[in-house]
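Have a look at the structure below, then the notes.
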Amino acid sequence: MVASPALQVSGLTRSFGGLPALAGVDLELRPGEVVGLLGPNGSGKTTLINVVSGVYRPTSGRVELLGHDATGQAPERLVRLGLNRTFQTPRPFRPLTVLENVQVALRHGRDAAQSPEEILELCGLGGQGGLPAESLNSSQQKRLDLARALATAPEVLLVDELAAGMRHDELDGAAELLRQLAAAGRALLVVEHLMGFVRQVTDRVVVLNAGTTIFAGSLEEASQDPHVVEVFLGA
Amino acid sequence: MSSVAQRLREGAGAVGRRPRRQMVGDVLLVVVPPAGFLVASLVYNNQLLLLTMMVYVALAQGLNVIFGFTGYLPFGYVGFFGAGAYGTALSVHFLHAPIALAVLLGGLAGLLVAALLSPLLRLTGAYFAIASLAAAEALYYLISNPQLTAVTNGPYGVNLASVYNSGAAYLAAVVLVGVAMLCVVWVRRSHFGMSLRAIRADPLAARLAGVNVVRARTFAWLISATLAGLAGAIYAWAVSVFYPEAVFDLSISVFAIVFALFGGVGTVLGPLLGAVILYGVYNYIGVSQPQDFQLIYGVLIVLIVLFLPNGLLSIRLRRLWRGR
Amino acid sequence: MLWLFALIAGVLFGLYYGLAALGLNLIFGVMRMVNLAHGDVIMLGGFAAVLLFDHFGVNPLITVLLVIPPSLLVGYLTYYLLGRRVQRSRDPEMMSLVMFFGVSQVIEAVAVIAFGNNEASITSAVFGTRPFSIAGQGVPGAWLVSAGVGLVALVLLFLYLYRTSLGRATRAIMSSPDEARAVGVNPDRISALTFGIGVGLAAIAGILSLFMIGGTTPSEGVDLTVTAFAVIVLGGLGSPMGTFLGGIVFGLALMFTQTYAPVWSGFAPFAILLVIMLLRPTGLLGRTVRSV
Amino acid sequence: MLIPRTRTVGLAALSALLTVGLAACGAASTTASSGAPKDIVIGTLYSGSGSFANSSLPEFQGLKFWISQENAGGGVYVKAFNKKIPIKLVALNDQSSTTTATTEYEQLVTQDNINIFVPDFGSVLTLPAVTIAQEHHMLLFDQTATGSPLFTPGNQYIVLCDLPLSAIWPDPLAHFILAQHISRVAILYGANDFDATQAATVKSVLAQGGVTPVYYQAVPTATTSYGTLLHDIAATNPQAVLELGYASNDIPFLQAVQQGGYHFGMVATAFPGQEFTLIENAVGKAGLSYTYTYGVPPYIKFNNVSEGLGTNAFIAKFGHGNIANVSFENVAGYNTGLIIQAALGHATKFTQLGMRAALFALSGHFTTLDGAFKLNSEGGQVGELLPLAQLFPTATGNEIKIVYPSASADHAPVYPAP
């Protein structure tokens, strides 16, 4: 039951111009599980994703991915090792078509044999492959971001606020999709503000405040932890 | 709605299962322009004008590969042209290479200079543009330096009379146009080109799609420089005697950029049309209005930018959409 | 003491080069437009000084003041007639480059019609023929005058940018046009004014170029534009102080190679530019731009 | 589905048509007739703008003056047809660009059916014409291009009309230095074919007299600031300073001498003789006084000529009696016309090689206002030697006087300069 961690982050720090945005984050993610990453605005959630996915180099600390040292590796290298992410504000290749967006990633990812149509279908973009990405609405663009990430066949997926901006009727589908991905053995780290959505996809959460991990455990326990409560109410 | 539908078709055909009709179109794009120049030489005997036009087609397309698909504008593009010209001259003089090989070595010289300069790709925008210009100027001052007379003949120029053959040089330029068109068609339609467009749209997202951005850009840079090197090699062969300032003339860069932008970069046909039409107009004014040559050409370019800021091919799209 | 003279000459020429490049940097910083006709404006400034001197005996230093009003007018007109339209195109940075190439051709052609093709100059005796002694080195008076004008221009520009509300608005547009618009800055007005200032600085540099580079001809524009570009890229785009630092690096590179290896004096400034670009991709004083 | 295909195919075809169409528009329709032509067509280029314009245009004026003279008299005499035939001029503007010049030379030769092929001013713009002339078997009446790559043993299609090869230009200059027993010589020259050839000649002549320059350096042709260079030259304590460049180098150099307050026994530059008015205006009277330069027509006078106007007659007619209105380039352009006139007037066959043969027959027996006309086997000009001239201050400005060699001198040199 206890698999070795897919992603292990220890003592991760990152400063910008001397100001620490991450000040020692520890986190563990196992294959097949979804972990919610919570914290008030500015607590370092997105910075953590940026550092883990190679957008920024960490100032210190260590990232281990599937048993490899992945600290400070370039994004394209991490993709090959089996990690990918989505963006809070989606960043599809706007002049390319939906299908091309996925094809680029398939081509350079870990498993070029996947069917791009199936990935799009999975992400609720079936039949829209020929549209230019810039013609999609923001919710569709988020799902395209996700589809593009999935096309590289990641073992570890960092999802940055997928639910924000989605219509009510889309939320259930999105939650179902994340659970499916985990069920297939992937490890997911989900940044989310909507507690209801978090509850739908996971029980285990990690809480950040001011760049450090202040809590790791079940959502239930978190809501009773005085420190966590104080941070959220204070924010 | 119609525009979306149209893009849909274009997009669906871009990569992979490509409709046969588009394949036919692509083959024609590669074959027809060189054939056109071949035919043109039969009815019009200012062959050097046609050859220079072909050289500009190749330069505009080479520029298209690096600028149109990655957004890097090398102001010093002429540096590769000059490197190609001198690469060929040195191959003839020192290696006694047959001219066909010497021309290829000229292309190789362009490629090598580009490989040496590939760290410049770390720069962006105007910084890159000017750094490449500085590289071209430095190369010119190096090659024309009297202290290097034993190698490059310094400021005294090059004489390739021993291999001069105007007909063969013309054919080589015809082939060059085909090669340039092929490169751009390939870049436009291939997975590689798709990656380049993805990089141009969003470099970080492209890296997260697994694209090795540095490698892809460098590859485009090398293709682009090789085309310019070949163009310089063939031009050197065709004119056969020249001073260094003739093949490192900054206006060659500027013309290639203006032609490519006028036609529309990032497209297959734009730079071809841009070079053929604008260079044709340039020569027409030069012959018909020699006394006001510069003034008319300058005014024309200003008017083009003001009234056709997105390139010649933008008219085509507008017309088509309206027509449908 | 060859090196000492090279040092002094390098710094004085550097201030002149900084002035010659300053306008180009301002225009690029505010409008993201590449004014390829910058060198041609410098050339026109030179001709203005020659004509006023030949016909009316106007001292070139007076001409420095006289060219300012017409420059502002030309800048306004150029911006409203040409610049604004190009800014709305798909790629203003590059399309402006093509357009100003055309403008440069027109200016050169018109200058040939108006002034002829010959090199024009003012005898350097205007600023004395006896050199001034600096640290034991005899330095031509004209160099000191040029460098002085360059310094004054820099100080005035600095005061304008940091001590006036228009200047603050200009800096706001330089750092972020959208935010500047949001806080009520009218970008058109600032852009037109900046264009005028840029043209004026170029014209002033043109007057001094008579004494620093020997004279002016209608065809010199391209070379001057290239040099000005090298200088602003060296110093950092959008940084007026950096422009002067870039000018001084350029001037020192030129004067030291002229002293110790004259045959390499064309090569060295560009080679140094390349090296600096590779070590500090945003120029000596350029702001670091995040590449992602 | 049809749109993308037809568009690509259609436009590819269109581009081909355009190319062909464009080409066809320019195609000329005239053909050569077997008898005497209606007119003699002279094709040439000039630089209406750019860095060569200030030399090219006066030369072009000189050529046009010759044409107007001939046409006023009913045309140029052509011996092969034993009659005068009017001259028609086709002149294109290359804007000082070699790339443009190349296609325009080809334009002249292939489209305009010219009989006489005259290139633009100077080596840089003439060089592209050399190959074209050879390829199309046209004799190139090279006006003032004296660079080394222009003349090759196998090439029959070039004659140099108006200047000696640049390698022999500075011969009198170097001998003057030896004659004055000047031992400390500084030489600064432009890194281009024209200037580097001269510098090498001076150096080797001086070496024969046992003199080694104390300073011998090349600078890029684009150099325009000479203050630092002069400071370094002064540090070598030279008696004579030679600056071999173009007019655009001579002006800032002479200004820098003045600005820096330098005083040398001898200062020599290449262009004040050829572009006197221009340089005196830019540098001022004091800046030129007592400097040396190449003595060129109209300052060396040839009034006893075998073809055309002599120097004084030319000054009277072209310059309205004032030598200041006449530049060397005016003389050169006019002299090109005289050489063409001689070729047409003596060739028994109206062919390119026929004209060449006529000129070689005349070589050594023929004088114009440009001096003796003498060709070497490659078509280079070796007859006209450039004496050394010095500029002397007068009440109104400077006057150019020939000072060496003594045979042609009209004034004694003043060395060292006061």
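This one's a predicted model, so the numbers in the text were calculated from it and none came from an experiment. Below, read A as the first sequence line, B as the second, and so on, with proteins coming before strands; counting in each chain starts at 1.
Closest approach of B:Ala114 and B:Ala225 over heavy atoms only: CB-CB, 3.3 Å. Looking at every heavy atom in both residues, C:Leu237 comes nearest to B:Tyr127 through N-OH, 2.7 Å. Here the closest non-hydrogen pair linking C:Val199 and C:Val41 is O-CG1, 3.6 Å. Between C:Ala271 and B:Ala138, the closest heavy-atom pair is N-CB, 4.5 Å.
Only the side chain of C:Leu36 comes within contact range of chain B, with at least one heavy atom under 4.5 Å from a heavy atom of that chain. No part of C:Phe100 comes within reach of chain B, as not one of its non-hydrogen atoms sits under 4.5 angstrom from that chain. Only the side chain of B:Val254 comes within less than 4.5 Å of a heavy atom in chain C; its backbone stays farther off. There is no contact between C:Ile107 and chain B, counting heavy-atom distances below 4.5 Å. Proximity to chain C (any heavy atom under 4.5 Å) is restricted, for B:Leu133, to the side chain, taken from C-beta onward. Contacts between C:Leu278 and chain B at a heavy-atom distance below 4.5 Å involve backbone atoms as well as side-chain atoms. Looking at C:Val222, the atoms closer than 4.5 Å to chain B (heavy atoms on both sides) all sit in the side chain, from C-beta outward. Proximity to chain C (any heavy atom under 4.5 Å) is restricted, for B:Phe255, to the side chain, taken from C-beta onward.
Ring planes of B:Tyr56 and B:Tyr279: tilted class, angle from 30 to 60°.
A 4.5 Å side-chain heavy-atom check between B:Phe248 and B:Tyr141 finds every atom pair outside the cut-off. For the pair B:Val158 and B:Asn153, the minimum side-chain heavy-atom distance is 4.5 Å or more. No side-chain heavy atom of C:Asn35 sits less than 4.5 Å from a side-chain heavy atom of C:Phe28. Within the 4.5 Å cutoff, the side chain of C:Leu273 has heavy atoms near those of the B:Ile130 side chain. Here the side chains of B:Tyr282 and B:Leu300 are not in contact, with every heavy-atom distance at 4.5 Å or above.
Contacts of residues 245-257 of chain C with chain B at a heavy-atom distance below 4.5 Å are absent; not one residue qualifies. At a heavy-atom cut-off of under 4.5 Å, chain C is reached by B:Phe67, B:Leu73, B:Phe75 from residues 63-82 of chain B, listed in order of number.
Of the possible donor and acceptor atoms, none in the side chain of C:Tyr16 sits under 3.5 Å from a partner among the backbone N and O of C:Ile213. For C:Ser239 (side chain) and C:Gly236 (main-chain N/O), no donor-acceptor pair under 3.5 Å exists by modelled atom type.
Heavy-atom pairs under 4.5 Å with chain C peak, among B:Ile301, B:Val305, B:Asp292, B:Leu250, at B:Val305. Comparing C:Val110, C:Val34, C:Leu97 by how many heavy-atom pairs each has under 4.5 Å with chain B, the most go to C:Leu97. Ranked by heavy-atom pairs under 4.5 Å with chain C, the first of B:Leu261, B:Leu306, B:Leu117 is B:Leu306.
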Set out, in order, the CA-CA distance, both residues' side-chain angles and the distance that settles side chain to side chain donor-acceptor pair (under 3.5 Å) for C:Asp188 and C:Tyr80, then state yes or no. CA-CA 8 Å; C:Asp188 276 343; C:Tyr80 280 109; 5.3 Å; no
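From B:Thr218, atom OG1 reaches atom CG of B:Leu120 across 11.0 Å, with rounding to the nearest 0.5 Å.
The 12-atom threshold is not exceeded at OH of B:Tyr284, counting heavy atoms of other residues, nucleotides or ligands nearer than 6.0 Å.
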